[in-house]
Number of protein chains: 6
Amino acid sequence: MKAVYITRRESFNAAHKLYREEWSEKKNDEVFGKCSNHNWHGHNFTIYVTVKGVPNPETGFVINLKDLSEIIKQEVIEPLDHKNLNLDVPFLKGLLVSTENVVIQVWERIKQPIEDAGGELAKIKLVETENNYVEYFGGEMPY
Amino acid sequence: MKAVYITRRESFNAAHKLYREEWSEKKNDEVFGKCSNHNWHGHNFTIYVTVKGVPNPETGFVINLKDLSEIIKQEVIEPLDHKNLNLDVPFLKGLLVSTENVVIQVWERIKQPIEDAGGELAKIKLVETENNYVEYFGGEMPY
Amino acid sequence: MKAVYITRRESFNAAHKLYREEWSEKKNDEVFGKCSNHNWHGHNFTIYVTVKGVPNPETGFVINLKDLSEIIKQEVIEPLDHKNLNLDVPFLKGLLVSTENVVIQVWERIKQPIEDAGGELAKIKLVETENNYVEYFGGEMPY
Amino acid sequence: MKAVYITRRESFNAAHKLYREEWSEKKNDEVFGKCSNHNWHGHNFTIYVTVKGVPNPETGFVINLKDLSEIIKQEVIEPLDHKNLNLDVPFLKGLLVSTENVVIQVWERIKQPIEDAGGELAKIKLVETENNYVEYFGGEMPY
Amino acid sequence: MKAVYITRRESFNAAHKLYREEWSEKKNDEVFGKCSNHNWHGHNFTIYVTVKGVPNPETGFVINLKDLSEIIKQEVIEPLDHKNLNLDVPFLKGLLVSTENVVIQVWERIKQPIEDAGGELAKIKLVETENNYVEYFGGEMPY
Amino acid sequence: MKAVYITRRESFNAAHKLYREEWSEKKNDEVFGKCSNHNWHGHNFTIYVTVKGVPNPETGFVINLKDLSEIIKQEVIEPLDHKNLNLDVPFLKGLLVSTENVVIQVWERIKQPIEDAGGELAKIKLVETENNYVEYFGGEMPY
């Protein structure tokens, strides 16, 4: 019973801003800095989705990467790519679209489809710039 | 008289869209595809600025990278980082903000300050995503 | 009349070997080393196609990247991806499939379609491993 | 007793295909897609081997990277580089050479030599393309 | 109570050597190889600092990256960048400056400031070259 | 007569400082900043050597990469790797070891051996950090 972890990378380009309407300009600037710019800014986001499981003896696969890629494209890239994360994405509505909050919502969105494809979601890594990224294990803390 | 080329990399994150007001939605979509999304999208842009010249015998430098970095930060990063290229940038106003058009305007903006610092601007490379970038030699065609 | 260079990156995975039938095993090994392994080896090839031109005033584009990507996919990725360069590719038949020879054939193949799309092919870079790549300017020597 | 994890990266280029002889062409194509191409395809594989342990007070090393690199070269790179994973590798014979199955076999192969060199194998990451990789912790599931 | 891990990357360039004064030249060379060169050598080090926690409902942040970046710059980059790790760094004095030993000292140095900023240090990754890096979880062994 | 450019990448890790003995501390600091630190600092340097020529019809090679790699290792990596560029390298003695000056000396050193191996040196790119590099075409200015 040898579990292996397999990861698929996909990417999307999106605009967003970090801003709380109920705060003053000054407080928004103090907390969110340049990320609070009214007219938005944007990023090339890269997402790594990791699925764990014992390789299927017939195929050698933990999950077929075609299926995994298809799930990510349908559930994540399609709704987020070339979009405004604050305005265009139903499942992010009303949220502060920090990378932390986005990764949690993406987890909720792809967990079940991955199970339906026979895999178990283990981790999502969401890279915002070459200098910062978040990782999420479904809320668990492996270390 | 041995000319050397030296390059400094900097980066900025910005929102933009490609859209012509006088065109129909349909035509905008045909030409610009997902890049015409009304609510903007964005990128992590990376810029490489190349200066050529004979190294100064006293310093070994074509240009002091502190000076070159300072010029890029002041003339490019400051006005573009965490901004909306269509709305927030005076020197891009009225332009279709394709990467091609942006690189030309950046050239015009930093050519003189680099000369004032004793260098000669040779090339700018502007990377929009890992899959596409533009290069500009001041309009010249070296190949 | 300001020419800009725009580059699109695509990738393909292929098997090949370097081997001359009319040579002895020993000579093949001396010249081609491990690349002459009978049972093939392979690479993740990355291709960068550069087109030059003056940006269209209406679109801001030297060439529409959708068109350029489509040409590369149809003429290069489709016939080469997950293929054996020695056996599966009609336009490489009979050739020693060194990276040098492949890049020349790819140039011949995409030059005209890019012109038909309104662009001018300026350069192809073909990366075989992180440690070696070739560049081709249609046979010209810009430096 | 402060454990540190140290990782060494090495790489190899190999051909392979995913194919079950007892299946029809059609089923092979449905499951393995382009990876089932008869005439093989190939990749630049990158392997990261992670060893854990308390740094030796005399050397500051968890394991001497010269030794670790030597083990990987002898046990992994030598038998796999510029080879056909289906045909040329005794310890992969009879296996479906999915990245999952390869990483498990590599673990079995280097675990003991690393222990003999005073280290403890903690993880192997095997990268097939920039878009997919597997990780293996000896079958354990840390998350 | 959904914990997320957030990582900030920073970099520094430093000289060092691995050498024990009480050992002979020969033994130093046997153990440390080229790293024992008397006149030093150097690296571009890259450091990734990972903090874990539940995102603050008001800000969406595990920790404000401005604060995290500031701590790393003050406690790590300032004392190590463009320095000699053996000679110039008070908190490394008397240590064999292997990457393993450096990462442990960096952990001790930034753990408390990160807690003071409301975060919990989870992991540090310190990259010495593209071929080797260490990871440290405060001495814990998550796998 | 179709010329192709082929490039080989190699790397070395070295210490150096930028400092003029005849200048005051203050002037050294003004011109060279942190690079003038008495006790040295260091980098992971990456070198790309580009050779141009018409592929040999028998081998498909502009130059055999084994030969090119061997020349770079012997003439550049061997004398520079894990060395102090100011103290340990005969062919850099007396020079201000700016990246500009190093690339010129490396050119002089490998030009003839590459010609002896049947190639023509076209360009050297020397990368000091991810943010700066120099390029040298033997003193020519192709753009």
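Numbers restart at 1 for each chain; the letters A, B, ... are given by sequence-line order, proteins then strands.
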K.L.:
Relative to chain E, which segment of D/Glu10 carries a heavy atom at a distance below 4.5 Å: side chain, backbone, both, or neither?
P.N.:
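Neither the backbone nor the side chain of D/Glu10 comes within 4.5 Å of chain E.
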K.L.:
Under a 4.5 Å cut-off applied to non-hydrogen side-chain atoms, are E/Ile104 and D/Pro55 in contact?
P.N.:
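Side chain of E/Ile104 against side chain of D/Pro55, heavy atoms only: contact under 4.5 Å found.
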K.L.:
Side chain, backbone, both or neither: which part of E/Trp23 has an atom under 4.5 Å from a heavy atom of chain D?
P.N.:
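The answer is the side chain of E/Trp23.
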K.L.:
Pick one of side chain, backbone, both or neither for D/Phe61, based on which atoms fall under 4.5 Å of a heavy atom in chain E.
P.N.:
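Both backbone and side chain of D/Phe61 come within 4.5 Å of chain E.
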K.L.:
Quick check: are there more than 12 heavy atoms from other residues, nucleotides or ligands sitting under 6.0 Å from CD of D/Gln112?
P.N.:
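More than 12 within 6.0 Å, yes.
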K.L.:
Which answer fits E/Glu130, side chain, backbone, both or neither, if we ask what part of it has an atom under 4.5 Å from a heavy atom of chain D?
P.N.:
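Both parts, heavy atoms under 4.5 Å.
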K.L.:
Do D/Phe137 and E/Pro142 come close enough that some side-chain heavy atom pair is under 4.5 Å?
P.N.:
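No. Closest side-chain heavy atoms not under 4.5 Å.
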K.L.:
So does D/Glu140 have more than 12 non-hydrogen atoms from other groups sitting under 6.0 Å from CD?
P.N.:
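Counting other residues, nucleotides and ligands, CD of D/Glu140 stays at 12 neighbours or fewer.
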K.L.:
Please classify the contact between E/Val31 and chain D as side chain, backbone, both or neither, with a heavy-atom cut-off of under 4.5 Å.
P.N.:
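When you check distances to chain D, atoms from both the backbone and side chain of E/Val31 fall under 4.5 Å.
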K.L.:
Thinking salt bridges, do E/Arg20 and D/Glu58 make one under a 4.0 Å N-O criterion?
P.N.:
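Judged by the 4.0 Å cut-off on N to carboxylate O distance, E/Arg20 and D/Glu58 do not form a salt bridge.
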K.L.:
Of the non-hydrogen atoms in E/Asp29 and D/Lys66, which two are nearest, and what is the gap between them?
P.N.:
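Smallest heavy-atom distance, with atoms named: O-NZ, 4.1 Å.
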K.L.:
In terms of heavy-atom proximity below 4.5 Å to chain D, should E/Leu18 be classed as side chain, backbone, both, or neither?
P.N.:
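Answer is side chain: those atoms of E/Leu18 sit under 4.5 Å from chain D.
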K.L.:
Find the distance between NZ (D/Lys2) and CE (E/Met141) and round it off to the nearest 0.5 Å.
P.N.:
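D/Lys2 atom NZ to E/Met141 atom CE measures 12.5 Å (nearest 0.5 Å).
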K.L.:
Atom CD in E/Glu100, atom CD1 in D/Ile6: separation rounded to 0.5 Å?
P.N.:
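Spacing of CD (E/Glu100) from CD1 (D/Ile6) equals 4.0 Å.
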K.L.:
As a quick check of understanding, evaluate side chain to side chain donor-acceptor pair (under 3.5 Å) for E/Asn132 and D/Arg8, giving each step before the final call.
P.N.:
CA-CA 5 Å; E/Asn132 66 285; D/Arg8 176 74 189 175; 4.5 Å; no
K.L.:
Tell me, side chain or backbone of D/Tyr143 under 4.5 Å from chain E's heavy atoms, or both, or neither?
P.N.:
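D/Tyr143 has no heavy atom closer than 4.5 Å to chain E.
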K.L.:
Out of curiosity, E/Cys35 SG to D/Leu65 CG, how far, rounded to the nearest 0.5 Å?
P.N.:
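Result: 8.5 Å between the selected atoms.
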